[in-house]
Amino acid sequence: MVVVLTGVAGAGKTTVGRLLATELGWRFVEGDELHAPASVAKMARGEPLTDEDRRPWLAALRAAIADLLARGEDAVVTCSALKAAYRDELRVDPARVRFVLLAGDYALIDRRLASREGHFMPRSLLASQFAALEAPGKNEDVLTVHVTGSPEEVVETIRRRLGL
């Protein structure tokens, strides 16, 4: 199984993802590491990515997920996947790829980004992230978990609700 943690920058994808993967003994794949250098530079300049910018990144993520599934390796993968079309692109095998949207209100996420250091994604892009975020539709199998609790509480909620 591959669990894909999605959400805006600062929602806790990396923190929760590492913790979840460690608890389960699964591989952890940081989606940010699959961005093209030009895309990282663009975001670092405070410019939001376009769908065209994201196309190679989504292809790389899809290939990574397909490879994990082909090898029978369980993993937690992090990526924003803010739009339904992005999630559809990554849904290689609906029976073995589960999506979890880490959700929080703007004020909470903004506070987190204000205290984050050393990440290429600037706080100034948060508004564009929330603008691009498409809530999962009725027919889209995405578990939404609110991130108001500690990372450990969020992981426990994910584990319980996905039966892990």
Engineer: To the nearest 0.5 angstrom, please state how far the CE atom of M1 sits from the CG atom of D74.
Structural biologist: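 It comes to 7.5 Å.
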
Engineer: Among L101, I158, V77, which residue meets the side-chain contact (heavy atoms from CB on, under 4.5 Å) test with L5?
Structural biologist: I158

Engineer: Enter the distance from R62:CZ to R91:CZ here, rounded to the nearest 0.5 Å.
Structural biologist: 11.0 Å

Engineer: Search all heavy atoms of F28 against all heavy atoms of A21 and return the closest pair with its distance.
Structural biologist: CB-CB, 3.9 Å

Engineer: Between Y106 and L126, is any pair of side-chain heavy atoms under 4.5 Å apart?
Structural biologist: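 Side chain of Y106 against side chain of L126, heavy atoms only: contact under 4.5 Å found.
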
Engineer: What closest approach, in Å, do R87 and E134 show between heavy atoms, and which atom pair accounts for it?
Structural biologist: NH2-O, 3.0 Å

Engineer: For the CG atom of L133 and the NZ atom of K83, what is their distance to the nearest 0.5 Å?
Structural biologist: 11.0 Å

Engineer: Looking only at heavy atoms, which two atoms of V97 and L90 are closest? And how far apart?
Structural biologist: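 Where V97 meets L90 most closely, the heavy atoms are CG1-O, 4.0 Å.
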
Engineer: Where do G31 and L61 come nearest, in terms of heavy atoms and distance?
Structural biologist: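 Closest approach of G31 to L61, heavy atoms only: CA-CD2, 3.9 Å.
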
Engineer: Which is it for V2 and L69 under the side-chain contact (heavy atoms from CB on, under 4.5 Å) test, yes or no, and what are the steps along the way?
Structural biologist: CA-CA 7 Å; V2 173; L69 293 174; 3.8 Å; yes

Engineer: If we only count heavy atoms from C-beta on, is the L108 to V147 side-chain gap below 4.5 Å?
Structural biologist: yes

Engineer: Search all heavy atoms of A75 against all heavy atoms of L68 and return the closest pair with its distance.
Structural biologist: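 Minimum heavy-atom contact is CB-CD1, 3.6 Å.
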
Engineer: Could you tell me if the side chain of L24 sits less than 4.5 Å from the side chain of R159, heavy atoms only?
Structural biologist: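 Sidechains of L24 and R159: in contact.
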
Engineer: Run the side-chain contact (heavy atoms from CB on, under 4.5 Å) check on I65 and V4 step by step: do they pass?
Structural biologist: CA-CA 9 Å; I65 291 168; V4 182; 4.0 Å; yes

Engineer: Could you give the distance from CZ (R112) to CG (D110), rounded to the nearest 0.5 Å?
Structural biologist: 12.0 Å

Engineer: What's the separation between atom OG1 in T157 and atom CG in L20, rounded to the nearest 0.5 Å?
Structural biologist: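 With rounding to 0.5 Å, OG1 (T157) is 11.5 Å from CG (L20).
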
Engineer: Set out, in order, the CA-CA distance, both residues' side-chain angles and the distance that settles side-chain contact (heavy atoms from CB on, under 4.5 Å) for V3 and L164, then state yes or no.
Structural biologist: CA-CA 10 Å; V3 174; L164 302 173; 4.2 Å; yes

Engineer: Checking E30 against T14: is there a side-chain donor and acceptor pair closer than 3.5 Å?
Structural biologist: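 There is such a pair between these side chains.
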
Engineer: Do R71 and D67 meet the salt-bridge criterion of a basic N to acidic O distance under 4.0 Å?
Structural biologist: yes

Engineer: Can you name the side-chain contact (heavy atoms from CB on, under 4.5 Å) partners of A107, sequence neighbours left out?
Structural biologist: D105, R111

Engineer: Can you run down the salt bridge (Lys or Arg N to Asp or Glu O under 4.0 Å) pairs that involve residues 146-156, sequence neighbours left out, and say none if there aren't any?
Structural biologist: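 Those involving residues 146-156 do not exist here.
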
Engineer: Just grab all the ring pair (Phe, Tyr, Trp, His ring centres under 6.0 Å) pairs involving residues 50-83, residues at least two apart or on different chains.
Structural biologist: H35-W57

Engineer: Do F99 and D141 have side chains that get closer than 4.5 Å, going by heavy atoms?
Structural biologist: no

Engineer: Which value, rounded to the nearest 0.5 Å, describes the distance between Y86 atom OH and S80 atom OG?
Structural biologist: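 Rounded to the nearest 0.5 Å, the OH-OG separation comes out at 7.5 Å.
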
Engineer: For T6 and A81, work out which heavy atoms get closest and say how close.
Structural biologist: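 Here T6 and A81 meet closest at CG2-CB, 3.6 Å.
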
